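First comes the structure, then the notes that go with it.
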Amino acid sequence: MSETTTEKPTDFIRAIIAEDLASGKNGNRVATRFPPEPNGYLHIGHAKAFGLNFSIAQEGPNRTCNLRFDDTNPIKEEDEYVDAIMEDIRWMGYEWDNLFFASDYFPQLYDWAVQLIKAGKAYVDDLSADEIREYRGTLTEPGKNSPYRDRSVEENLDLFARMKKGEFPDGSRVLRAKIDMTSPIINLRDPVMYRILHATHHRTGDEWCIYPMYDWAHGQSDSIEGITHSLCSLEFVNHRPLYNWFLEELEIYHPYQYEFARLNITHTLMSKRKLRQLVEDGVVSGWDDPRMPTLRGMRRRGYTPEAIRTFIDNVGVARANSTVEFAMLEHAVRDDLNTVTPRVMAVLDPLKVVIENYPVGQTEWVEVPDYPQHADDTRTRKVPFSRELYIERDDFAEVPPRRYRRMTPGVEVRLFSAYYVTTTAVVKDAEGNVVEIHATYDPESRGGQTPDGRKVRGTIHWVSAEHAVDAEVRLYDVLFSAEFPEDVTEGQDFTVNLNPTSLETVTAKVEPSLADVAPGSRFQFMRNAYFVADSTDHSAEHPVFNRTVTLRDSWAKIASN
RNA sequence: UGCCGGAUAGUUUAAUGGUAGAACAGUGGACUCUGAAUCCAUUAGUCUUGGUUCGAAUCCAGGUCCGGCAGCCA
C-alpha cells in the first residue's frame, strides 16, 4: 500500500485525517469502522461507505478498520444477513481487522446507563410512545417535560433494574437521557436510550429484554473500539450533538463523527425498503437479480469488484448531496472488462448466409485470437467454419444506409479471422422479409487477409450454423427508465418508473466453446456487449448468459443522423 | 416557521486569498481484422447582491434555491 502521509489528500475526510495525524491528535493512529445493521443485503451505496473506511485503513501504518454489526434491534436482524454482508465485503476485496457486534457491548452499555442515572442525567419515563411524541413538540415549537422527568435517582435505578429483569411489558417504559426538552435540535429533547423488547436476539438470545437505541449504542461502541474517525452519512449530522453529549457526560474516550454524502446513481434506487418491495412483489427475481444495485445483483450481472472500486474512486467523497450518472458506472465496468475479457463470437439475431462456392459438408477450424485487444497476447482458439453461417441481421442491408460498412450486395467484407465474402443474392419470403443471403468467398483470404493486400471496409462476426450452440441470452437494461425513480407525482408510486424492457431474453447462436464455460466467466461477445455466464442457471446443456454492459455504439449515432 | 447541512461545466469532483483543473457525458477528427479499444482536438462552470482585499470559488454580511431532522428504526 502506498504511504499517503506525503501525498495530497483526495477528499475532505482524508484531509482531516492528515491534519489530525500532523497535530498528533490520536498519537500516530487511525481507526475506522463499518457498522452495517444486519437487516438486509449490501448495495453499491454501502460499498462507497465501507470502501472509504477500509481504504483509509490501508493507506498508512497504524491504521485499522473494524467490521461492527450494529445489531441493537432484535426484531429486524438475522444471522443470514451477517453472513451475506461479510461475503459481499470480501468479494469487494476488503478484510476487517476485527469483527465486532454492538451486542457484545450490551453489559458495558447497561453499566454506563446506570452511571448516567446516578449522575441525574437519565430517567425512566412511563409515558406511552404516543405521549412521548406529543411531549416532544414540533420542528417549530419546543417540547415539554415528562411528568416522570424528576423522579429520584433511587426510583430510576430501581425501575431501570426492573426493566432489565423483565418486570414490565414492551412499550410500557423507556430510559431517556435528561437533556433539554426545549432544544431546537430535536435529537436533544430527552432522547430514548432504552426500550423494552421481549424479543429473541440473533446473538444474545433471551438474555436481554431492554435494547439500546442507535444513538446510545453507536458512539459508545466507537469509544470502546478506540475509533478515531467515525464516518457516516449526512442524515446523521443532526445526531452529532447527541453523539458528543453522551461521550462527554460519560467522560470516556472521545471518537469524532464526520459525515459525507451517500451515493446516488441515476435510474437506480438505494432505499432498502423499496428494493425489498421489488423483491417481495416479484418485480425482480430476488436480491441477486442482475438488475438490482445490490452487490449480489451486480456480481451476478457480471460487474467486477475492481470496476466498482474504480467507479467509487471516481465519484469521490464530499458533503453535497449528489446523483452520479449511470454512464459513469458503465464506463468503469467497460474499462475493466475491456482489458480482462476474452472475445468470443455470438449472434443474437441470426440471419443465415450460404457461401455458394464453399464445399458442401466441409468444416475447417480457423484460428481466432482470444484477446485481440492486447497485441502481445497470442492466445488463440479454433472455431469451426462451414458453408452455412449465421450473421447478425443488422449486419446485412439490401439498401445500405449512408456510411454502412457491413454486408450489402456486391460489397466485400471480412468475416472476423476467417474469409472475405461478397453478397451475391438475397432470399426473401412471401412478405418480402430477408430470410437468407447468398455470398461467395475468396479462398485466398483465409485468416482474414489476402496476398494482394486489398482492404475491406467492414469486419463482422459469425458462427457456423451447423456447429452453433443455442444459448439463452438475458439482455439487461436499467431497472428504471426515469433518471430519478423516486420523483413521482402525488399519489403515484415509484414503480411507475420501472423500465418495461429492463430484461429481454433471446435465444442466440453462439460458438461451441461457450457451452463448456464455467458459471461466472466473463466475455465480450464481439461487437455487441460484455456477458457473464449466469452463476446459477448456466450449464453445458443449457447455456445462459447475462449482458453486463453494452459496448459503446457510435454507429447508432451515425445512423440516427 | 425552529435547528442543521449544502450550492464550481450536462453529471461527479479539484482548486483552502494568487493562471478555475480533471473524470464521465457531448462534439469533430485520426486509426482500426470489434463502427470496440486507443489517440488527438474541442464545447461547457464558480447561485445572487453587497463588503473586505492589490487580488475572492475561497473570508464577511444579506438574499435565493436544494437537502436533512418531530421512531420506543438505523
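So you know, we letter chains A, B, ... as the sequences are listed, proteins then strands, and number each from 1. Since we're looking at a predicted model, the values are computed, not measured.
Using the Watson-Crick or G-U wobble rule with both distances under 3.5 Å, rA57(B) pairs with nothing in any strand shown. When Watson-Crick and G-U wobble pairs are counted only if both distances are under 3.5 Å, rU19(B) pairs with no nucleotide at all. Here rG10(B) sits opposite rC24(B) as a Watson-Crick or G-U wobble pair (both hydrogen-bonding atom distances under 3.5 Å). In this structure, rU48(B) and rG62(B) make a Watson-Crick or G-U wobble pair, each of the two defining distances being under 3.5 angstrom. Remark: rU32(B) base-pairs with no nucleotide in the shown strands. Criterion, Watson-Crick or G-U wobble with two distances under 3.5 Å. Pairing partner, rG2(B): rC69(B), with both Watson-Crick or wobble hydrogen-bond distances short of 3.5 Å.
E483(A) and H267(A) are not linked by any side-chain donor-acceptor pair at a separation below 3.5 angstrom, with hydrogens and angles left out of the test. Using a 3.5 Å distance cut-off with no hydrogens or angles, the side chains of Y123(A) and D190(A) do pair a donor with an acceptor. At a cut-off of 3.5 Å, with distance as the only test, a side-chain donor of R414(A) or T459(A) sits close to an acceptor on the other residue. Between the side chains of Y303(A) and D336(A), not a single donor N or O lies within less than 3.5 Å of an accepting N or O.
Following rounding to the nearest Å, R33(A) (CZ) and rA74(B) (C1') show an atom-to-atom distance of 12 Å. In this structure, M193(A) places its CE atom 14 Å from P of rC72(B), rounding to the nearest Å. Here rC3(B) presents its P atom at 14 Å from CG of L188(A), a figure rounded to the nearest Å. When the P atom of rU11(B) is taken as reference, atom CD of E330(A) falls 18 Å away, rounded to whole Å. The distance from atom CZ of R262(A) to atom P of rG67(B) is 16 Å, rounded to the nearest whole Å. Computed from coordinates, the L127(A) CG to rG71(B) P distance equals 14 Å when rounded to whole Å. Regarding E141(A), its CD atom lies at a distance of 16 Å from the P atom of rA70(B), rounded to whole Å. Rounded to a whole Å, the CD atom of E37(A) is 18 Å from the P atom of rG71(B).
OP1 or OP2 of rG71(B) has at least one side-chain nitrogen or oxygen of R133(A) nearer than 4.0 Å. Put simply, K557(A) has a side-chain N or O that comes within less than 4.0 Å of OP1 or OP2 on rU27(B). A sub-4.0 Å separation between OP1 or OP2 of rA74(B) and a side-chain N or O of R195(A) is present. Put simply, R136(A) has a side-chain N or O that comes within less than 4.0 Å of OP1 or OP2 on rG71(B). For the OP1/OP2 pair of rU34(B) and a distance below 4.0 Å, the side-chain nitrogens and oxygens of R457(A) include no atom meeting the criterion. One finds a side-chain N or O of T72(A) lying less than 4.0 angstrom from the OP1 or OP2 phosphate oxygen of rA74(B). Contact annotation: R527(A) side-chain N/O to rG35(B) OP1/OP2 distance is under 4.0 Å. The phosphate of rC24(B) has OP1 or OP2 within less than 4.0 Å of a side-chain N or O from H331(A).
Taking atom P in both rA20(B) and rG62(B), one finds a spacing of 29 Å when rounded to whole Å. Atom C1' of rG45(B) sits at a distance of 13 Å from the matching atom of rA7(B), rounded to the whole Å. Comparing the P positions of rC3(B) and rU16(B) gives a spacing of 32 Å, expressed to the nearest Å. For the P atoms, the distance linking rU46(B) with rU38(B) amounts to 31 Å, nearest Å. Between rG29(B) and rU43(B), the distance separating the two C1' atoms is 15 Å to the nearest Å. Distance check on atom P: rG67(B) versus rC59(B) gives 24 Å, rounded to whole Å. Distance noted for atom P between rU19(B) and rG55(B): 15 Å (whole Å). Using atom P as the reference point in both rU11(B) and rC47(B), the two lie 13 Å apart (nearest Å).
Checked against a 6.0 Å centroid threshold, the rings of F525(A) and F545(A) count as neighbours. Side-chain rings of F385(A) and W462(A) approach one another, their centers coming within less than 6.0 Å. Here the two rings, on H239(A) and Y243(A), have centers that are 6.0 Å apart or farther.
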Pairs: protein N or O with nucleotides 12-16 of chain B N or O, under 3.5 Å:
| residue | atom | partner | partner atom | Å |
| --- | --- | --- | --- | --- |
| rU12(B) | OP1 | T323(A) | N | 3.1 |
| rU12(B) | O3' | S322(A) | OG | 3.4 |
| rU12(B) | O2' | V315(A) | O | 2.6 |
| rA14(B) | OP1 | V317(A) | O | 3.4 |

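Taking 3.5 Å as the limit, the base of rG68(B) and the side chain of N238(A) contain a donor-acceptor pair of atoms between them. For H374(A) against rA37(B), a side-chain-to-base donor-acceptor contact under 3.5 Å is absent.
Taking the nucleotide of RNA chain B with the nearest heavy atom to each of R403(A) and L234(A), the more 5' of the two is matched to L234(A).
Among the protein residues, F236(A) comes within range of the nucleic acid bases, having at least one heavy atom under 4.0 Å from a base atom. Across all strands, S554(A) comes closer than 4.0 Å only to sugar-phosphate atoms, never to a base (heavy-atom distances).
The side-chain heavy atoms of S230(A) and Y256(A), taken from C-beta on, include no pair separated by under 4.5 Å.
The heavy-atom pair separating L109(A) from P212(A) by the smallest distance is CD2-CG, 4.2 Å.
Ring geometry for Y110(A) against F160(A) counts as parallel: the plane angle stays under 30°, on a 0 to 90° scale with 60° as the upper cut.
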